[in-house]
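Report on one structure; see the data block that follows.
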Amino acid sequence: MHKDFKIVKTQIYPLGVYFRHAGLHIAAVHRRIHTDETAEFGIILYDRKHRGGVRIPFPEKNRVGSVYAMLLEGYQNREFSYLFYCGDRTWPDPYCRKIECNTKYGVPGKGPIRCMVPDAHYDWEEDRAPGIPYENTILYALHVRGFTKHRSSGVEHKGTYAGVTEKIPYLKELGITSVLLMPAYEFDEIQRQENLQNILTMQKAAACKQEEEEPAAEIPYKINYWGYRRGMYYSPKAGYAAGKDAVAEFKDMVKALHRNGMEILMQFYFPTEVAPAEMLDILKYWKVEYHIDGCHVMGVNLPVGMFAEEPLLSDTKLLTIQQYSPAASGPAALSRTIGWLSEGFQYDMRRLLKGDDDMINQFIFHVRNARPETGIINYIAKWDGFRLADLVSYDRKHNEDNGEDNRDGTDYNCSWNCGVEGRSRRKSVTRLRMKQMKNAMMLVFLAQGTPLLYSGDEFGNTQNGNNNPYCQDNDTAWIKWNQMESGGELLACTKMLIRLRREHPILHSAMPLKGMDTLSCGYPDVSFHGKEAWRPDTSPASRSMGVMFCGYYGEIDGRRDEDFLYFGVNLYWEPYVLGLPKLPRGKAWRLYASTDDQAKPEEESEEPLQKITIPPRTIVLYTTKDCPVSATAQRQRRRRGRNAVGKESGKREVSS
């Protein structure tokens, strides 16, 4: 027994350090790695009375297997921190719920970070999860620090959870329903370079033999900006907090997003040494303690089925790159929790975008790809790989600043620089790049499934050709909000597509589209067209296709959507003619949007529009609904009407 504390026996689980009515509960796993088997194992407490730390060993009689536990009876000092120790070695508690914020982000600490116990009383008020199904979701991925760290972000608390909260009005205006955070659990962003570390270790050993008195050189390091490494999974990252209480600030962010009808999801990277049971405990903890709405689990051979079958996660989105098909029965099939990130969509649409052969059949597949048992997440650019602006500006990666001789990052980018590598002031090049970015947005948002947008891509944020900025905590990886003005045309296009998708249920159907007339209305839910309506060209050389969605198969507020939508794709380098299907009586095709800024609405005619000529590398969108573009046609119609009235009155005056 320690002279300053009364130590009594307590239950082994849960692991970690918690306050209870009787005192402080402490439970830890002792992994005897690089320590003497007989070395003392315990906890170091730092409080007002023991500012230098006091060591309290675990009683051997309180051990079960490799787990030690004890209760410090009567101890209720809420402002303490702690570390575990074994002999001369100390380390933070992997199960701690809060980190002491005593260092700045990116600055190497002088010792292990200390752990704390968070305040158990947080007022969630009337917080409720939005519960948005996959088909109605617009995912927006962001890095907490990089999202608002740039000087042009316009927020007070740059690079923090509070900064994300300040940007909620922007996200809401954009039309985002769900925010996906890159790893925001506690991890050490200081990444030592192992090869250099080994060299310096040998140099240090040699220096010790020679008894040199010169100080040893510091081990070089990089910043692990992304955070895809093992971490202290039960605590939000302290370096992303504006204040000293990262726990409360993270919860404030979650509560604010929910209040505005938005979900929040977070990425978790699990290396192979993390046990499946521990993974599940971590996901359940964040669901209960932080009210998050979903997780993107990353790693190798993850037990996705086990996650999906956990009752506590039955209404939680579980994103994975692994293909997983739940059984026909059981909790996983009923809850539809799994969301599959489709790399196939990414690379197929990139190849189609730059004009590769034999991609039309893949285009048809992805446009209608939806599954009743899992969500399908579609994206053309995300956190790793080229940003959307770089996808149309670079043929090759440019990762020289990463310090690895441009060897890191994928070489398989399926990109096209539009004729010039990197930045260009040539108007023909900049116009083509803008058109290609808008084409990409069209492909993502007009396909079935759930669109995923990486932050900044909506206005053309660039990483200057770096497709792997995992170590770039600077302007390269940060979102540069001052580019929004030059990317205003792309931003307007993105907002339009999100709004259009929200207004027409046929563009985000809960069930797969069949391509059949199941309503006996004369039109299938989705159909494909070539130079002649109803006759698509699926040959390897084809780069053009028309797609029509019949709104009758969707409902808006309990009534049938009466609109038809048609988007014509021409990613060939010459103009192409596509046929338009005949519409029901009383309806006519009107140009709604075009990725070619020179496009003009067709002249009004009494004859129905049957064919359209699409400019090179252009996607056009036609609807049967009045729209911003067709307002021009309405003005032309009124002008012609006034002219006709003037001519008629002139004739009457002459005859009289």
Side-chain angles (χ1 to χ4, degrees), residues 1-30 39-64 67-104 109-124 161 185-186 231-252 285-286 288-290:
M1 179 181 293
H2 195 279
K3 64 179 181 179
D4 292 341
F5 304 95
K6 183 179 180 181
I7 301 172
V8 299
K9 191 173 182 179
T10 185
Q11 65 188 45
I12 293 296
Y13 284 97
L15 295 173
V17 179
Y18 309 88
F19 279 109
R20 290 184 171 173
H21 181 72
L24 186 66
H25 165 88
I26 306 167
V29 177
H30 184 18
E40 184 179 86
F41 173 47
I43 189 172
I44 306 176
L45 288 184
Y46 303 88
D47 56 21
R48 291 180 179 177
K49 187 177 179 180
H50 310 92
R51 294 187 182 278
V54 57
R55 295 191 172 215
I56 308 171
F58 283 105
E60 184 65 25
K61 64 180 180 180
N62 291 2
R63 177 177 68 86
V64 177
V67 180
Y68 289 73
M70 60 181 168
L71 180 75
L72 303 187
E73 193 173 57
Y75 188 86
Q76 294 291 341
N77 188 337
R78 303 283 167 159
E79 298 181 2
F80 82 101
S81 58
Y82 69 96
L83 291 170
F84 288 127
Y85 74 92
C86 184
D88 295 330
R89 179 173 169 261
T90 60
W91 66 91
D93 178 9
Y95 295 93
C96 82
R97 270 54 176 170
K98 184 178 179 181
I99 300 299
E100 186 178 50
C101 301
N102 55 6
T103 59
K104 292 184 178 180
K110 296 181 179 179
I113 53 176
R114 295 179 185 176
C115 304
M116 301 181 73
V117 177
D119 185 356
H121 304 288
Y122 178 82
D123 185 7
W124 281 102
Y161 306 120
Y185 52 80
E186 187 61 47
M232 302 172 72
Y233 291 113
Y234 295 90
S235 176
K237 184 157 181 60
Y240 293 166
K244 292 188 176 181
D245 193 349
V247 171
E249 192 173 319
F250 191 101
K251 291 178 178 179
D252 288 344
Y285 176 78
W286 280 83
V288 173
E289 184 67 22
Y290 288 96

Item to complete: For residues Trp91 and Pro112, determine if any side-chain heavy atom of one lies less than 4.5 Å from a side-chain heavy atom of the other.
Response: no
Fill in: Close side-chain approach of Glu60 to Tyr68, heavy-atom, < 4.5 Å
yes
Check whether any side-chain N or O of [X] sits under 3.5 Å from a backbone N or O of [Y] as a donor-acceptor pair, and report yes or no.
{"X": "Trp124", "Y": "Lys251", "result": "no"}
{"X": "Gln76", "Y": "Arg20", "result": "yes"}
{"X": "Glu100", "Y": "Met116", "result": "no"}

Practice prompt. Mark yes when over 12 heavy atoms from residues, nucleotides or ligands other than Tyr13 sit less than 6.0 Å from its OH; otherwise mark no.
Written response: no
Worksheet item: For Gln11, does the CD atom have more than 12 heavy-atom neighbours from other residues, nucleotides or ligands under 6.0 Å away?
Response: yes
Worksheet item: Between Asp119 and Lys98, does at least one N-O distance fall below 4.0 Å, as a salt bridge requires?
Response: no
Item to complete: If the plane angle is over 60° it's perpendicular, under 30° parallel, otherwise tilted; pick one for Phe41 and Phe84.
Response: tilted
Between [atom1] on residue [X] and [atom2] on residue [Y], distance to nearest 0.5 Å:
{"X": "Met70", "Y": "Ile7", "atom1": "CE", "atom2": "CD1", "result": "5.5 Å"}
{"X": "Leu45", "Y": "Leu24", "atom1": "CG", "atom2": "CG", "result": "6.5 Å"}
{"X": "Phe250", "Y": "Glu289", "atom1": "CZ", "atom2": "CD", "result": "11.0 Å"}
{"X": "Ile99", "Y": "Glu186", "atom1": "CD1", "atom2": "CD", "result": "4.5 Å"}
{"X": "Tyr290", "Y": "Ser235", "atom1": "OH", "atom2": "OG", "result": "6.0 Å"}
{"X": "Phe80", "Y": "Phe19", "atom1": "CZ", "atom2": "CZ", "result": "4.5 Å"}

Worksheet entry | Verdict with supporting geometry, Tyr185 and Met232, side chain to side chain contact (heavy atoms under 4.5 Å, CB included) | CA-CA 7 Å; Tyr185 52 80; Met232 302 172 72; over 6 Å; no
Item to complete: Using the side chain to side chain donor-acceptor pair (under 3.5 Å) rule, take Asp252 and Tyr161 through it: C-alpha gap first, then chi angles, then the decisive distance, then the call.
Response: CA-CA 8 Å; Asp252 288 344; Tyr161 306 120; over 6 Å; no
Worksheet item: How close do Thr10 and Ala69 get, heavy atom to heavy atom, and via which atoms?
Response: CG2-CB, 3.9 Å
Fill in: Exercise: identify the closest heavy-atom pair between Ala39 and Cys86
CB-SG, 3.8 Å
Practice prompt. Go through the steps for Cys115 and Tyr95 under the test side chain to side chain contact (heavy atoms under 4.5 Å, CB included), then give the verdict.
Written response: CA-CA 9 Å; Cys115 304; Tyr95 295 93; over 6 Å; no
Worksheet item: Would Glu40 and Tyr85 satisfy side chain to side chain contact (heavy atoms under 4.5 Å, CB included), going step by step from the backbone distance to the final call?
Response: CA-CA 8 Å; Glu40 184 179 86; Tyr85 74 92; 2.6 Å; yes
Worksheet item: Under the criterion side-chain contact (heavy atoms from CB on, under 4.5 Å), which of Asp93, Ile56, Ile26, Ile44 is the partner of Tyr82?
Response: Asp93
Worksheet item: Is the cationic atom of Arg97 (NZ for Lys, CZ for Arg) positioned less than 6.0 Å from the six-membered ring centroid of Tyr18 and within 45 degrees of its normal?
Response: no
